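Scroll down for the structure; my scribbles are underneath it.
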Amino acid sequence: MARKKIALIGSGQIGGTLALLAAQKELGDVVLFDVQEGIGPGKALDIAQSAPAQGLAASLKGTSEYKDIKDADVVIVTAGVPRKPGMSRDDLLEINLKVMEQVGAGIAKYAKNALVICITNPLDAMVWALQKFSGLPANKVIGMAGVLDSSRFIHFIAEELGVSTEDVTAFVLGGHGDTMVPLTRYSTVAGIPLTDVVKMGWMSKEKLDSIVQRTRDGGAEIVGLLKTGSAFYAPAASAIAMAESYLKDKKRVMPAAAYLDGQYGVKGTYVGVPVVIGAGGAEKVIEISLNSAEQKAFDKSVGAVEGLIEACKKIAPKLA
Ligand code: APR
């Protein structure tokens, strides 16, 4: 059987980590694309030279030409600029929107059968624009945010309780921004909802609230520490988990920025919801019931995403 092909558009901090993880998991041949010539080939060579020491059958190529992504099975997009301290994800909108236009054209020309996973921020608006610019079906263009946000939430909960992250599940809905909605009712420790964990007295309500807030601010905390860029290990690991579910048709239920066509009462917008990811891409959006407080928080988050999409339409009228 032919090896799969994974194209990474953007070979910066996240792109390089994606390449390493894809090689380590032997998901397929990796192509590292970047507008900065040298960065893709340099990282490809470095990782390829690590393969013998790691005992891996890796094949990597770096490029600045879109033709090299031809017939990719998965395309993961990190092209653009990351945040600096003091910037919000939304501050990146105008510059990264232009990048999405170029990337969308490249994908449309060379990889129209791929599953496209967008990571570039502001995520929900960029994945929406990328789907429009590429013209790929909406179920084949998804955004990575929920897996990362959930992973951050799980890490903080497990650390606080002194339990394995393997036994914690978490659920984060909504846009990838300050309005994201970590759902405590649907997040569990060994099957016990966090709301019950509080009732049992295992964690205080105040502590849980502070973890929810720290999850919302998870990206900014790392930007503040790194000072020269944003998080890259956890975002890359999260996108690789999504790619793996697609390539192996695992049908995992993962929170992802998916196109909503009426689900949750939302139409024509990308926003973070639970999705079945399998060989068909985003195969099914799972609609969970929300109580009034959760619905309110979700609506606010959707409103924030819609605001960014309107801003995109003003900058690029052909998206309207
Ligand atoms: N086409 C291809 N690559 C591009 C383009 C373009 N038009 N414009 C910029 N790039 C490349 C840059 O040359 C750089 O190597 O995208 C890469 C981005 O890498 P980093 O600056 O290291 O950023 P990274 O930390 O990887 O984050 C990328 O993901 O999480 C989001 O907010 C983050 O939007 C940012 C993106």
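A quick note: this is a predicted structure, and the numbers were derived from the prediction, not measured. Whatever order the structure lists them in is the order used to number ligands and atoms, beginning at 1.
Contact check for P182 versus F171: no side-chain heavy atoms found under the 4.5 Å cut-off.
Every atom of ligand 1 with a heavy atom of Q102 under 4.0 Å away is listed here by number and element: 6 (C), 7 (N). The atoms of ligand 1 that sit less than 4.0 Å from any heavy atom of V81 are 34 (O), 35 (C). For ligand 1, the atoms sitting less than 4.0 Å from at least one non-hydrogen atom of N96 are 34 (O), numbered in the order shown with element in parentheses. In the vicinity of Q36, heavy-atom distances shorter than 4.0 Å reach the ligand 1 atoms 12 (C), 13 (O), 15 (O).
The backbone N or O of Y233 lies less than 3.5 Å from no partner atom in the side chain of T17, so there is not a single donor-acceptor pair.
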Task: Verdict with reasoning, L92 to M87, per side chain to side chain contact (heavy atoms under 4.5 Å, CB included) - done: CA-CA 8 Å; L92 306 173; M87 285 172 92; 3.6 Å; yes

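Taking any N or O of I14, backbone or side chain, at least one lies under 3.5 Å from an N or O belonging to ligand 1. For a threshold of 3.5 Å applied to N or O pairs, the pair formed by R83 and ligand 1 contains no separation below that value. The N/O atoms of N121, backbone and side chain alike, include one that comes under 3.5 Å of an N/O atom in ligand 1.
Of the listed residues (K5, R3, K4), just one forms a salt bridge (Lys or Arg N to Asp or Glu O under 4.0 Å) with D29, and that residue is R3. Of the candidates D178, T179, D124, T179 is the only one forming a side chain to side chain donor-acceptor pair (under 3.5 Å) with S301.
With respect to the salt-bridge test (charged N to carboxylate O, under 4.0 angstrom), the residues D299 and K296 do not qualify.
Considering only non-hydrogen atoms, atom 16 (O) of ligand 1 lies nearest to G80 out of A239, G80, G16, P122. The closest heavy-atom contact to atom 11 (C) of ligand 1, among the options T228, D34, T120, comes from D34.
What sits closest to atom 5 (C) of ligand 1 on the protein, heavy atoms only, is V35 CG2, 3.4 Å.
The CG atom of L208 lies 5.5 Å from the CZ atom of F153; values are rounded to the nearest 0.5 Å.
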